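Worksheet: one structure, shown below.
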Amino acid sequence: MLLSVRDLSVRFGQVEPLSGISFDLDRGEILGLVGESGSGKSLTAMAVAGLLPLVSGRIAQGSVTFDGTDLTRLAEPELRAYRGRRIALVTQNPMTALDPAQRIGEQIDVVARLHLGQSRQGARATTIDLLTSLRIPEAAAISDAYPHQLSGGMKQRIVIAMALAGEPDLIIADEPTTALDVTVQAQIIHLLGQLVRERGLGLMLITHDMGVVAQVCDRVAVLYAGRLAETREAAPLFAEPRHPYTAALIGCIPREGMAPGSLAGIPGAVPSAAAYSAGCRFHARCARMQERCRTEVPLPALRPEGGALACHHPLGAP
Amino acid sequence: MTDPLISAEALGRRFSTGGGWLRPARSMMAVRGVSFQVDRGEVLGVVGESGCGKSTLARLVLRLIEPTAGRVRFDGQEVTGLGPGDLRRLRRRMAMVFQDPYSSLDPRFTVADALTEPFAVQGETPPAGRINALLDQVGLSEAMAASYPHQLSGGQRQRVGIARALAQAPDFMVLDEPTASLDVSIQAQIIGLLSDLRRDNGLTYLFISHDLGLVRYFCDRVLVMYLGAVVEVMPRADAAPRHPYTRALMDSNFVPDPTRRRTLQALTGEIPSAFDLPKGCAFAARCPRVTDLCRAENPELRELTPGHPVACHHPI
Amino acid sequence: GSSEVGIPNYNPLTAVNTNAAFTMIYDTLIEQDGDLSFHPHLAESWEEAADGKSWVFHLKPGVKFHNGDPLTADTIVQWIGMFRSSENSYMIDNVEKVEAIDDLTAKFVMKNPDPNLLYNLSSSFMAIPNPRVVTELGEDYGITEAVGTGPFKLESFTLGQETVLVRNDDYAWASPLAENQGPPHLAKLTFREIPEDSTAFLELKSGGVDALLSLPTDYLGEIAAEPSLALAKIPGQEVYYMPINVTKEPFTDIKVRQAAALAINQDEILKNVFSSYGQVAHNFLISALPESKIDPALDISFDPDKANALLDEAGWVKGADGIREKDGKKLTVALWTQSDSVFRRLTEVVQAELKTVGFDPQIQTFDSSVIRDEYKKGEQQLAVRSYFWNNADIVDWFFGGDRVGYPNISMFNDPKAEELRAKAMTGSATQEERVANFLAYHAYVTSQFPYAPIYQPEQNMAFNKDRLVVPEVIHGNSVTGTVVQDISVKE
Amino acid sequence: MSLPRALSPVVRAAKTPMGAIAGLWLVLIIAVAILAPLIAPYAYDAQNLPASFQPPSSAHLLGTDEFGRDLLTRIIYGARTSLSVSVISIAISVFAGMVLGAAAGYVGGAFDRAVTIVVDLSWSFPEILVALILVAIIGPGVTGTMAAICVAYLAQFTRLTRSQILAIRSETYIEAARSLGAGGRFILFRHLLPNALAPVLVAGMLATGDAIILEATLGFFGLGAQPPLPSWGSMMSSGSALLFKAPWIIILPGLAVAITVVAINLFGDALIGALDIKTRLREA
Amino acid sequence: MLSYLIKRILLLAPVFLAVSAVIFLILHLIPGDPVDNLLKVGSSASKRAEIEARYGLDRPLIVQYGMWLGNVLQGDLGTSIVTRRPVSQLIGQTLPHSLQLGGLALLLSSVVGILLGVVAARARDRWPDRLVMGGVLLGSTLPSFWIGLILILVFSVQLGWFPVSGARGWSSLVLPVITIGLGGIALVARVTRVAMIDTAGRDFVLLLHAKGLPPSRILWRHVLRHAMIPVVTILALRIGWILGGAVTVEYVFARPGIGTTLIKALNQHDYPVVQACLLMLAIAVMLGTLLGDIIQALMDPRVREAIA
Ligand SMILES: Nc1ncnc2c1ncn2[C@@H]1O[C@H](COP(=O)(O)OP(=O)(O)OP(=O)(O)O)[C@@H](O)[C@H]1O
Ligand SMILES: Nc1ncnc2c1ncn2[C@@H]1O[C@H](COP(=O)(O)OP(=O)(O)OP(=O)(O)O)[C@@H](O)[C@H]1O
Ligand SMILES: [Mg+2]
Ligand SMILES: [Mg+2]
């Protein structure tokens, strides 16, 4: 396994917005991390990348094993050697992800120079190759441009190039397309998929859109209110969702041929991290809620049919 | 069928920016020659990418901004020529729901205050029980009347926004991306609510979105816009797209079904600047079917099959 | 003192204001001592014709300007010619013309006898510049260059900031009042203009300057506390007083005026505000002037009982808050002052003293440079101010009927006073007659209470005794070039 | 907006530790100012010349000044002058600034541009200069000082109100109101002004602190309250002449100014936190 | 960039016109007739008329303004009514002192203010932050004349380290620069702190960390650079404020300068000098904004592009 997250919990002071998350990701694989807003997707990403201290959070418990090393045990300088080099990050909004005062090329070059020890010229050559491989026309001219001179889609490619420049093994992409237009969004998603296959990277793709997951992910982890609801391979997950929340999320996306009025939605809203209820956090919105769901936390358990599930009353069960 | 409830004829709106001391004034057509009709009880969808003029069109239809060309009729009455008093009276019959539920409510107003405003504007006081009835209609508890916006979730706020639009029992509602900033689960709730309201109150909607999948689910007909102009009007939600741009939008839609993974015919090129539109078809730069004709001549919107106008030299 | 700052240039012909540096760059024909006696300087001797119609001055031989030009009777003729068109020409209004009898003898031919001529010639306004250079330099004269015959030469002058003087090594014509008849002991003098009194004092205290030409009066008490500081005293020429506007209610009533005047506690002020330095004033003129010796019964001295009685008589009744009232009107009066710290302090004391007899004075503070404009409007009732003059004609200046408004801010215009005034100003042929006439005029004015006398300071040069040696007794009517002749730096 | 709701941010601000301390001092100093005649041990203008320059003692807790007047008494009365001058003039200034700023932001066009230019320019000039010139025009004294403070801060409030109005004007709820048929005046009075109010009032509160300093500075130049009426500034002004001899005459009123202004700032900060308007103030 | 500069400067022209008109007009509102100052008591009306004619005071205001502006543009600021010397000469003597004082104070405020701001931002909400911001708050709430007097009392009178007043050499600059600087430091430190905190929370900084760059490099090369944009803008906008704030300080330290000259002239109703002083300050303000824009353009490519 390239990345193994076990029982990960994140705390901010007394608040624990993320508890007991576990999932795996292998090379050449795309893991979709889905859930509604506030479910803890970004926190998971930050925890894996070791960036929690930046927002003054900390890992309270659990391990993040990357290529055999438990990152949670590393000191910041050691961790820094991983970041950018072996683990790269792509964030949601390309409009704000680049330093507006630095030329594009320099922002990409620095990764190869810092981590791969390349010379200025060497790094620039790498950068241009990289940009060309991302189908950016006139790569040389673009690398001399400033971020504000590029369109959003183009900028997101630059951010991806920046991620690739350290020749990483793992890319964490946190909603890389939500800020983009639909047509561009599709291109970026497909581009990421392609990169994973070509380069044998692991990709952790964070999204709230089950459609995206269905289109590109191999494996899915569904988060709800800071806990893992279900993880599984993508195809069976969509074919026969076991967690009521997974099913409901899928049901929220209109599909062709759907009868008007059949779009279900999920009643209620995600609770805030400071006000998590006892028991299953989804129980208030769940159609299958029983008494036990109110009081007892369903822990993720491995299932014979594959993946893990945290539900007292899964679908398909009596 | 009787007259359409609302009709727009060759609507256009030009914006000028800059024109300060240092920058030369630049102008762009945010909406170019858009015509359409919405029948009573119908839902007309408008889709297009960000900046293509959807919101501008919505504002023009409700005359929240003045058109630079064309006119709008509502129930046989010309909206574009009305004086302030008549316009205000007419506003009881048409309402708008906004994209951002966070800024569409005055933070100082309680829910009850917000729902009273449509009456206050008309110089009335709401009839007894009306506020509670409205809350009930959008699925909010009456206890919420005293809450302030910051105490509500995004979905709840949007419900308040819808209730406010419903306050004067309008015939027609413009929904400008009412779910774009909400989670999918909440989006589905809101769409469900809007369907119910339409069914129960016989409302007519102009529904704006950038999500073709959603529009095709919710609307009867779909207007596809590109850079301010209509490129295709799909007569039915499930009609096959004829314009390459509509096709591209459709391909970009992610279906939640891993067994139906699509390969994408990637669009190349960049969207031209609205300030500097090319001579020919605005989509030419990105179109997989482009020919010299497209670059030279702007295609007119014409009906390929009855009720299905497309503006393309080489329709699919 | 405020007269030391703000000199726009060192041209005595255009000056509206002079300072000590003037007297070091330039010499005058005559020198006046602190006791008001006249002494030779550039004029070795002089004779007045019996009828007062002419004066002959014998110039000291060998006197040279800084640029080497000799001083001759011709120089005097040219200079007086130029002086006629100057701002201060009134000083020679009575001079018909000046003739050069020979190289070193000049004759002043008078239109009218003027017993005050010697006084005028000793004034620093009548310092003698080199007429040739004045003509050559025009507007720049006194700024870039100033050429006189004095013990120091002007090295540099920065408006409002400082003036640097260097020793005139050829100087050999000091006034007999000075012990040192040769070049001065001090090689270089820097005059700094420090507008704030407190700052100036702190500079002296902290060693930033070696001497203050005139120590602000309210700092007198501080000198004793400083072992390194000492005072050199010169008889004063200044009088602090309170003008009373006789045309403004309630001061149209002489009883109210008198009451206000009698409410001023001169002794208390001398002791507490001025640390007992200087003397009290009981009439308008400095005590050194013979014209100040009016009938002691007319002198104005603190008498609160009488003041209260006068106000009662005038119908002003004390209210519960101690403020007097008449016909429902409070005895509220405006008390003007200027913003210099000594005035502000003094005025607050005066205000409190007036209050004890039932006035309710409201202080209004003006900058010293604009208060003049304000007086011209005639809205003042009471004010606290001072004048700096050592001649009895100051009574005419401040109470002359034709100067109502300004400088006659008491707006005093009394037929009897005018009669006495005319006699004093133009009706005296000799000094004795002049004294007698002015005595009468001064006494009458005082009896009408258009002012209340307060205080007569001494002039005090404060200096750092670790740095400077200053003679015990200082001659001159202020710190002039003559005084500086005898000052040296401590070894 | 009902009164309790309007006051609730103040209560919330007063509950923060800093806000509590600052609020306590402000309440204290305001009470002292109001009750001055009752609590001051002496009359503020009672001179006792032989007893001048006394250091603090049991008879005069804070010592005496150059006229032997009790300093504690004068600081108490000084609070009265300094506070009332700055509070009243800032209140007027805030009101005028809101009217002008709202008019500019609302009317727009050439009027707006003219106001903006004037306001921006005078904003770049230090308040003390504007005030000095104004006092030169109006004349010294309490009235002159109030007018000067009023005008000196006018630019700030006009600017702030205008920018608030412009920012609020682009909020969707304004467009929503328009879509309901609301006219310009309705929107101005129901949405724009009430929403602009909180930041402008808080800015006004903070400016009151600056105004106290400005009043003190004018007083120091001898242009403020005229004797014997004490204000903190005029006390320091007369004290400065004998700084070396009786430094407490100037140190004490200076501390009174500093503590009060710090308190105003701390409470203002707490209020900004309670009202959650930090970003809105900063954008302006 | 050059054409931008030219345009920017041309843009200043109407502003300058407006400002100069305001300055000219304000001065005519000040009570007190300067002619009175020039006249001897009892002067004849003809003498008065002569003086009025000499200073052009008898013409309509608009003509007077035109004449004045015309002269100003030729570098002739008129003649001081009180000292009767060319105002330009006076300004020439005092302006350098003010520039020196203002420049050093600006330097001090920027360097110390930025350092303190960075320290506070890095230790956000911890004790160093509280300490710095508390000190800064106190520094900005003490009237500057008071600080000046206390500094004089301690360092000049008690310790004798620096001169009490005047402008004689560098040692006399220390206390005034510190006095003005305290206010400036407070301003800069506050703006820097907020800007640093803002910038540090921006996405691109997160990404810089994600690239594995050392924190110190991120701080100095990226965060500080961005944080400097508002700081420089504020500083530039406030140049006039700092120069004008020097009024009090110049007065307290009896330093020659525009401030003391202005106060004196204001008290003496010396119109031409007041006008000239205000004009100098206005020009400083305008140059400040210009400078701010230019520096901003140099630091921010978006602005650079917008103006190109
Ligand atoms: N710095 C922080 N301090 C305290 N709580 C935080 C912080 N950052 C996030 N949280 C809380 O953690 C929870 C998860 O946040 P996270 O950003 O991971 O959600 P997400 O799934 O990425 O949502 P979105 O789709 O909106 O990006 C939220 O309830 C949020 O309030
Ligand atoms: N008031 C205005 N002034 C100038 N330009 C404007 C104005 N309003 C809109 N525009 C411009 O008109 C174009 C169309 O804007 P509009 O808001 O209608 O797009 P949209 O399709 O609603 O986009 P989105 O999906 O982002 O909401 C944009 O380029 C926009 O910048
Ligand atoms: Mg997130
Ligand atoms: Mg829109």
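Hydrogens, waters and symmetry mates play no part in the numbers below; they use all other heavy atoms, side chains included. Please read these numbers as outputs of a predicted model, since none were measured by experiment. Just so it is clear: chains get the letters A, B, ... in the order the sequence lines come, proteins before strands, and each one is counted from 1.
At least one donor-acceptor pair closer than 3.5 Å links the side chain of D183(B) to the backbone N or O of S37(A). A donor-acceptor pair under 3.5 Å is formed between the side chain of Q189(B) and the backbone N or O of G268(A).
Atom NE2 of residue H190(A) and atom OG of residue S252(B) lie 9.0 Å apart, to the nearest 0.5 angstrom. Remark: Q215(A) CD to N253(B) CG distance equals 9.0 Å, nearest 0.5 Å. Note that NE2 of H208(A) and CG of L182(B) are 10.5 Å apart. Values are rounded to the nearest 0.5 Å. Considering CZ of F254(B) and CD of Q185(A), their distance stands at 5.0 Å, rounded to 0.5 Å.
Chain B forms the most heavy-atom pairs under 4.5 Å with one residue out of G153(A), S151(A), A269(A), and that residue is S151(A). Ranked by heavy-atom pairs shorter than 4.5 Å toward chain B, the options I253(A), L180(A), V270(A) are led by I253(A). For chain B, the option among D209(A), D181(A), V213(A), T178(A) with the highest count of heavy-atom pairs below 4.5 Å is D181(A).
In this structure, the portion of I189(A) lying under 4.5 Å from any heavy atom of chain B is its side chain and not its backbone. Proximity to chain A is absent for every atom of R199(B), based on heavy atoms less than 4.5 angstrom apart. For chain B, the nearby parts of L263(A) are the backbone and the side chain; heavy atoms of each come within less than 4.5 Å. Heavy atoms closer than 4.5 Å to chain A are found in the side chain of S153(B), but not in its backbone. If you measure heavy-atom distances from L214(B) to chain A, the contacts under 4.5 Å come from both the backbone and the side chain.
At a threshold of 4.5 Å between non-hydrogen side-chain atoms, the residues P254(A) and F218(B) do not count as touching.
Contacts between residues 231-244 of chain B and chain A, counted as heavy-atom pairs separated by less than 4.5 Å, involve no residue at all.
Counting heavy atoms of neighbouring residues, nucleotides and ligands inside a 6.0 Å radius, atom CD of E138(A) does not exceed 12 of them.
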Criterion side chain to side chain contact (heavy atoms under 4.5 Å, CB included) on L249(B) and V182(A), from CA distance to verdict: CA-CA 7 Å; L249(B) 277 182; V182(A) 275; 3.5 Å; yes
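Closest approach of A234(A) and P258(B) over heavy atoms only: O-CG, 3.9 Å.
For the 3.5 Å distance criterion, the side chains of T183(A) and E49(B) qualify, holding a donor opposite an acceptor.
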